[in-house]
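Some notes on the structure that comes next.
By convention here, the first residue in the shown sequence is residue 1.
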Amino acid sequence: MSTRGVQQAYALLAAQYIDLLGSVDRVHPDDLALIDRHLRPVCGPVLDLGCGPGHLTGYLTSRHVDVTGIDLVPEFVAHARAAHPDARFEVGSVLALDRAPGSVAGALAWYSLIHLEPEQLDGALAAIRRALAPGAPLVVGFFDGPEHEPFAHRVTTAYRWPPDEMSRRLAAAGFVERERVHRDQEGEWRPHAAIVAHAA
């Protein structure tokens, strides 16, 4: 789906999404620990790409990370600014990052790449790599699956990615994998994976 289509789909369901997932309390403790471990020590600007309602941006801000949340959906950004007044937020796209090459010290893409088709994913990873300084960490969370395939996400079509395939695409974009985690389905939560990779 086009970037515009994803934006419109989330805008239509923004209030419900915020109510359901717009709190750090809805994030698995292991995921918070992973994000904290890799992004809290970063010195310099960090981007929360596809920040949604801003809860993870707010969390990182509370951990004294110099972070800016960026999201396609103006409704999410408006909510995030009101809910987390100490944090910074912008309307924008991972496919069109307005950052100088090598100027970003770390990035979080937590379930924000899930609606991208394969060629779009490669473009997004390349754009993130251009923005990151050498050695900077990228933390990616996504739906795990035995093969790359679309499925009917509650908002709009999303994709499952085998972690090995995600790692290969990260490597092709100029990243080196440093850590990988997997979690089997838990109740309503689908199988989860995350990869931490550093800009080569």
Side-chain angles (χ1 to χ4, degrees), residues 18 21-74 76-116 121 123-142 166-167 169-171 173-181 192-200:
I18 290 165
L21 296 172
S23 168
V24 75
D25 294 335
R26 295 288 287 166
V27 181
H28 196 289
D30 291 348
D31 296 337
L32 283 180
L34 178 77
I35 292 166
D36 195 82
R37 184 164 66 252
H38 288 280
L39 294 178
R40 188 181 182 192
V42 168
C43 295
V46 170
L47 300 179
D48 180 4
L49 300 165
C51 67
H55 49 295
L56 290 175
T57 310
Y59 172 78
L60 288 170
T61 298
S62 75
R63 306 293 277 172
H64 309 291
V65 178
D66 180 16
V67 60
T68 300
I70 299 175
D71 201 90
L72 279 172
V73 183
F76 282 159
V77 172
H79 168 83
R81 286 171 173 161
H84 307 284
D86 294 334
R88 293 188 304 273
F89 297 95
E90 301 174 4
V91 176
S93 169
V94 67
L95 295 173
L97 284 180
D98 184 20
R99 295 297 188 277
S103 65
V104 177
L108 176 65
W110 200 253
Y111 283 82
S112 56
L113 306 178
I114 61 170
H115 301 294
L116 298 179
L121 175 65
L125 294 177
I128 296 168
R129 175 60 191 89
R130 282 193 297 272
L132 289 177
L138 167 64
V139 182
V140 183
F142 55 99
M166 181 65 76
S167 185
R169 289 176 181 270
L170 284 161
F175 290 94
V176 177
E177 181 179 335
R178 298 298 189 198
E179 184 174 352
R180 181 188 300 195
V181 297
H192 158 80
I195 292 176
V196 180
H198 288 196

Measure the shortest side-chain to side-chain distance between [X] and [Y] over non-hydrogen atoms and say whether it is less than 4.5 angstrom.
X    : Y    : result
L39  : L108 : yes
L125 : R129 : no
L56  : V67  : no
D71  : V91  : no
L138 : H198 : no
V42  : P137 : yes
V196 : L34  : yes
T68  : D48  : no

Q. What do the steps show when you test R37 against V139 for side chain to side chain contact (heavy atoms under 4.5 Å, CB included), and what is the final call?
A. CA-CA 10 Å; R37 184 164 66 252; V139 182; over 6 Å; no
Q. Would V65 and Y59 count as a side chain to side chain contact (heavy atoms under 4.5 Å, CB included) if you check the C-alpha gap in whole Å, the side-chain angles of each, and the deciding distance to 0.1 Å?
A. CA-CA 9 Å; V65 178; Y59 172 78; over 6 Å; no
Q: Determine, step by step, whether E177 and L170 satisfy the side chain to side chain contact (heavy atoms under 4.5 Å, CB included) criterion, reporting the C-alpha distance in whole Å, the side-chain angles of both residues, the deciding distance to 0.1 Å, and the verdict.
A: CA-CA 8 Å; E177 181 179 335; L170 284 161; over 6 Å; no
Heavy-atom pair with the smallest gap, counting every atom of [X] and [Y]:
X    : Y    : answer
L97  : A127 : CD1-O, 3.8 Å
A105 : L132 : C-CD2, 4.4 Å
A124 : L116 : CB-CD1, 3.7 Å
A80  : G54  : CB-CA, 3.9 Å
A107 : I128 : CB-CG2, 4.3 Å
G102 : A133 : O-CB, 3.5 Å

Q: Tell me whether the centres of the aromatic rings in H38 and W110 are closer together than 6.0 Å.
A: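 No, the ring of H38 stays outside the 6.0 Å limit from the ring of W110, centre to centre.
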Q: Check whether the ring centres of H79 and F89 lie less than 6.0 Å apart, and answer yes or no.
A: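 H79 vs F89: aromatic centres not under 6.0 Å.
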**Q.** Under 3.5 Å: donor-acceptor pair, side chain of H28, backbone of D30
**A.**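 Yes; judged by distance alone, with no hydrogens or angles, the pair exists.
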(Q) Please check this pair: side chain of Y111 against backbone of F142, looking for a donor-acceptor N/O pair closer than 3.5 Å. (A)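 Side chain of Y111 to backbone of F142, a donor-acceptor pair under 3.5 Å: yes, one is there.
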Q: Might you work through the side chain to side chain donor-acceptor pair (under 3.5 Å) test for H55 and D25, ending with a clear yes or no?
A: CA-CA 9 Å; H55 49 295; D25 294 335; over 6 Å; no
Rounded to the nearest 0.5 Å, how far apart are [atom1] of [X] and [atom2] of [Y]?
X    : Y    : atom1 : atom2 : result
R88  : C51  : CZ    : SG    : 12.0 Å
R169 : L113 : CZ    : CG    : 12.0 Å
L49  : L95  : CG    : CG    : 10.5 Å
T57  : E90  : OG1   : CD    : 10.5 Å
S112 : L72  : OG    : CG    : 9.5 Å

